[in-house]
Amino acid sequence: MNIQNYINGQFHNPASNDWIDNYCPANGKVYGQIPNSSKADVENAYIAAKSTFPTWSQTTLEARSRILIKISELLETNLQRFAEAESKDNGKPVSLAKTIDIPRAASNFRFFGNAITQFASESHESVGLDAINYTLRQPIGVVGCISPWNLPLYLFTWKIAPAIAAGNCVVAKPSEVTPMTAYLLGEICTEAGLPKGVLNIVHGLGTTTGQAIIEHPDIKAISFTGGTTTGAHIAKVAAPLFKKLSLELGGKNPNIIFADCDYDDMLETTVRSSFANQGQICLCGSRIFVEASIYKKFKTDFIKKVKQLKVGHPSKEDTNIGALVSKPHLEKVMQYIAIAKEENGMILCGGNKMTITGYENGYYLEPTVIEVSTDECRVNQEEIFGPVVTMMPFNTEDDALQIANKVKYGLSATLWTNNLKRSMRMSNQLQSGIVWVNTWMLRDLRTPFGGIKASGIGREGGFEALRFFTEAKNVCIKY
Ligand SMILES: NC(=O)C1=CN([C@@H]2O[C@H](COP(=O)(O)OP(=O)(O)OC[C@H]3O[C@@H](n4cnc5c(N)ncnc54)[C@H](O)[C@@H]3O)[C@@H](O)[C@H]2O)C=CC1
Ligand SMILES: O=C(O)/C=C/C=C(\O)C(=O)O
């Protein structure tokens, strides 16, 4: 199935007629083509967005809210179709897309549809100066949203929904690896009554289409989620153009397990935080640190559970782990398993490519657990972004804290302990934007979301996102 750009409320082929193959990870076959949009397409998208901005930015909050909520409802109505499309494009189990990805995309629209009606700005009474200051929160204009392949519609809409709720018009690019649900979203937006030009979706490679968005002198803000190297490149291009930037980048998140935790809950959640979505979530707890006194028991129990995970075709109900997103990505992840062996890491389970009968060319990999003897090895320091975790024991809280923080990333951390004081002490000291205590990926969309260090700059979520997508203007009135 071929897909098209969605510009000014209509579907278009790319101006240059340049196309890219779209692969189905479950069987490794090309199943369609997508535009590789050029500067000309991005310019068309920009023009559509710019011409709609004066009207959209003045549309009442209630009217904007109604449309966003309608988009959310239509996504829910089309749940099965979107979940199947997401799974086919990405390789994730349909069951996961149906319970996590698409419902969350719908929640993103509903959440920001409601949030914009509650978004308020500050006023400051300048006592003794006979003046009052009030702050306007004005939409920026045309903004760019660029998203990755791991949670395609989920992360695409996590940016688009607050951007349009705040009154901006958007030029958006989903990952070229997983463009399908973004394409389908265009239809839904039209049906929901989103005015033409408010959301424009251009497809294509990062180096062509993405580059044209970040270089565009009049796209005044970029919200990006993806790899740290790409984020650094975007920052370099955008800084001299004085664009607002939100960068949500990679992670190498510690999962720190103390002996006093609720063991069964921890074990079950740790399997999920290691391998959900084939380990392709920037929040996955890819480095497991276990207090020495329970290390042996944990190792036995964890490996037993991991071996029970069923790798299979994404459409099968009993599949826990589907296909990785692409052949190059599978090769990258396998390269890390080879590096682990060179570094004397012990492969406790998995480590091999898998062949699924009937889908021999699909990108399947066994869930892999590597025991490392030092936290400094490459597999413990670099983002693998696949169904691969490392584990090692620690002796004291200080040791755990030190190894947890000794990476260039700082996105999330998980702590398993029933010691309240310890959990508060460690939460204060962990170098990450998010700390989960006795849980993982429990999401409340009002909370600030993002990382520190090489995991990015800025925060998404709740009013933080609405602040990002608006400019604060202070007005001072003397009376
Ligand atoms: N959410 C996350 O934290 C993600 C992390 N990654 C990490 O990054 C590694 C590389 O994966 P990629 O697919 O290559 O991610 P990427 O960072 O290249 O892709 C993310 C998005 O950025 C776009 N992009 C790429 N180059 C661009 C440019 N010059 N200007 C504007 N946009 C550009 C892509 O087209 C895509 O839409 C992964 O192996 C993983 O380690 C990848 C995807 C998501
Ligand atoms: O907002 C969330 O719940 C999750 C976000 C996940 C990513 O940003 C990611 O995996 O890249």
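We use all heavy atoms of the structure for the numbers below, so side chains are in, but hydrogens, waters and symmetry mates are not. Order of appearance sets the numbers: ligands from 1, and atoms from 1 within every ligand. Numbering of residues begins at 1 and proceeds along the displayed sequence.
Side-chain contact between Asp89 and Thr181: absent, with no pair of heavy atoms (C-beta onward) separated by less than 4.5 Å.
Below 4.0 Å from some heavy atom of Thr225 lie the following atoms of ligand 2, by number and element: 8 (O), 11 (O). In the vicinity of Leu155, heavy-atom distances shorter than 4.0 Å reach the ligand 2 atoms 5 (C), 6 (C), 7 (C), 8 (O), 9 (C), 11 (O). Counting the atoms of ligand 2 from 1 in the order shown, those under 4.0 Å from a heavy atom of Ile281 are 10 (O). Taking every non-hydrogen atom of His329 and a distance limit under 4.0 Å, the qualifying atoms of ligand 1 come out as 39 (O). The Asn150 neighbourhood of ligand 1 comprises atoms 1 (N), 44 (C), with distances under 4.0 Å to a heavy atom of that residue. Applying the 4.0 Å criterion to heavy atoms of Arg443 picks out, from ligand 2, the atoms 1 (O), 2 (C), 3 (O). Those atoms of ligand 2 that come under 4.0 Å of a heavy atom in Leu151, given as number and element, are 6 (C), 10 (O). Less than 4.0 angstrom separates some heavy atom of Thr225 from each of these atoms of ligand 1: 1 (N), 20 (C). The contact set between ligand 2 and Trp158, taken as ligand atoms under 4.0 Å from a residue heavy atom, comprises 1 (O). When each atom of ligand 1 is checked for a heavy atom of Lys332 under 4.0 Å away, the hits are 38 (C), 39 (O), 40 (C), 41 (O).
For the side chain to side chain contact (heavy atoms under 4.5 Å, CB included) test with Tyr6, the passing option among Leu185, Val202, Thr190, Asn200 is Thr190; the others fail. Each of Pro152, Ser147, Pro25 was compared with Thr178 under the side chain to side chain contact (heavy atoms under 4.5 Å, CB included) criterion, and only Pro152 meets it.
Taking the six-membered ring wherever Trp is involved, the centroid distance between the rings of Tyr23 and Tyr31 does not fall below 6.0 Å. Proximity of the aromatic rings of Tyr363 and His329 is defined here by a centroid distance below 6.0 angstrom, and this criterion is not met. The six-membered or imidazole ring of Phe156 lies away from that of Trp149, with a centre-to-centre distance of 6.0 Å or more.
Between the NZ atom in Lys305 and the CZ atom in Phe275 there is a gap of 13.0 Å [rounded to 0.5 Å]. Taking CG of Asn253 as the reference point, atom OG of Ser412 lies at 3.0 Å (rounded to 0.5 Å). Rounding to the nearest 0.5 angstrom, the gap separating the CH2 atom in Trp416 from the CD1 atom in Ile256 is 12.5 Å.
In terms of protein heavy-atom proximity, atom 8 (O) of ligand 2 is nearest to Glu248 OE1, 2.3 Å. Shortest contact from atom 4 (C) of ligand 2 to any protein heavy atom: Tyr154 OH, 3.4 Å.
Nearest-heavy-atom check against atom 15 (O) of ligand 1 across Gly204, Ala212, Gly227 picks out Gly227. The closest non-hydrogen atom to atom 7 (C) of ligand 2, taken over Gly450, Cys282, Ser412, Ser455, comes from Cys282. Between Pro148, Gly206, Ser147, it is Ser147 that holds the heavy atom closest to atom 37 (O) of ligand 1.
Note on ligand 1: Gly231 sits outside its first shell, no heavy atom being nearer than 4.0 Å. Heavy atoms of Arg104 come nearer than 4.0 angstrom to ligand 2 in at least one pair.
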*Just do the salt bridge (charged side-chain N to carboxylate O under 4.0 Å, His left out) check on Arg378 and Glu343 with the steps written out, would you?*
CA-CA 8 Å; Arg378 282 186 66 191; Glu343 290 180 321; 5.3 Å; no

*Would you please test Tyr364 and Tyr359 for ring-ring contact (aromatic ring centres under 6.0 Å, His included) and show each step?*
CA-CA 10 Å; Tyr364 300 95; Tyr359 309 100; 7.4 Å; no

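With a 4.0 Å heavy-atom cut-off, ligand 1 is reached by no atom of Leu155. Proximity of Glu460 to ligand 2, defined as any heavy-atom pair under 4.0 Å, is not found for any part of the residue.
Considering backbone and side-chain atoms together, Gln280 places no N or O closer than 3.5 Å to any N or O of ligand 2.
In this structure, atom 19 (O) of ligand 1 is not in close contact with the protein, since no protein heavy atom lies within 4.0 Å of it. Within the 4.0 Å cut-off (strictly below), no protein heavy atom is located near atom 10 (C) of ligand 1.
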